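My questions all concern the structure below.
Treat the numbers as computed from the prediction; the structure is a model and nothing was measured.
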Amino acid sequence: DMVFVDVTHQESFAHLRLFKKEELARKFTDPNLTTLELSSLMEEYLKAVQDGSFVSQGWPAAPYMMSKIGLTALSKVHARELAPAQISVNACCPGYVSTDMTEWKGSITAAEGAKTPVWL
């Protein structure tokens, strides 16, 4: 199944439950978050990964999920910033796709996963 990410709603951050500290997760859903602030948050995450403290600091233990959270937040920031120019920003998560990354355990094919991005 495809998962549509409505970048105008906080519920689009399904992976926020992976944060161990709620205040950290809240920073990614701040309606006034800027690209610069998001970049700083992601830099903070990278430094914590490099020194091995990311889990104890409350960051998600899965770097791939953290990248999705960052991209979803960036989509929301761009949607807000570009709305006055009547530019729409869309994002999607194709679902659990059967690829080498999922060890071919995904429930949909790559072709099925590509339908949403192509449609958008």
- Task: Any chance you could measure Leu46, atom CG, to Leu41, atom CG, to the nearest 0.5 Å?
- Result: 11.0 Å
- Rounded to the nearest 0.5 Å, what separation is found between the NZ atom of Lys47 and the CD atom of Gln57?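 That separation rounds to 11.0 Å.
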- Query: Judged by atom type as modelled, is there a donor-acceptor pair below 3.5 Å linking the side chain of Ser39 to the main-chain atoms of Thr35?
  - Reply: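 Answer holds: no.
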- Task: Any chance you could measure Thr109, atom OG1, to Lys115, atom NZ, to the nearest 0.5 Å?
- Result: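 Answer rounded to 0.5 Å: 7.0 Å.
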- Item | Any Phe54 side-chain heavy atom under 4.5 Å of Met66 side chain |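 SC-SC contact between Phe54 and Met66 ruled out.
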- Item | Common cluster, Tyr64/Leu18, ILVMFWY with side-chain heavy-atom separation under 4.5 Å |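 Yes.
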- Is there side-chain contact between Pro63 and Val49, with heavy atoms separated by less than 4.5 Å? no
- Between OG1 on residue Thr34 and CD on residue Glu81, distance to nearest 0.5 Å: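 Separation between the atoms: 7.5 Å.
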- Message: Within this structure, what is the CZ-CG distance for the pair Arg26 and Leu16, rounded to the nearest 0.5 Å?
- Response: 11.5 Å
- Message: Quick check: do Trp59 and Ser53 have side-chain heavy atoms less than 4.5 Å from each other?
- Response: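 In short, these two side chains do not touch, never coming nearer than 4.5 Å.
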- Between Ala73 and Leu33, the two heavy atoms sitting closest are CB-CD2, 4.2 Å
- Item | Any Lys105 side-chain heavy atom under 4.5 Å of Tyr96 side chain | yes
- Query: Got a salt bridge between Lys21 and Glu23, using NZ or NE/NH1/NH2 to carboxylate O under 4.0 Å?
  - Reply: no
- Message: A side-chain contact here means heavy atoms from C-beta on lying under 4.5 Å apart; do Leu38 and Phe28 qualify?
- Response: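 A side-chain contact exists here, since the closest heavy-atom pair is under 4.5 Å.
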- Item | Contact summary for Ala25 and Phe19, nearest pair of heavy atoms | CB-CD1, 3.6 Å
- Any side-chain heavy-atom pair from Val97 and Thr102 closer than 4.5 angstrom? no
- ILVMFWY cluster, Met42 and Leu71 together (side-chain gap under 4.5 Å):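 No, it is not one cluster - the side chains of Met42 and Leu71 are not joined through contacts under 4.5 Å.
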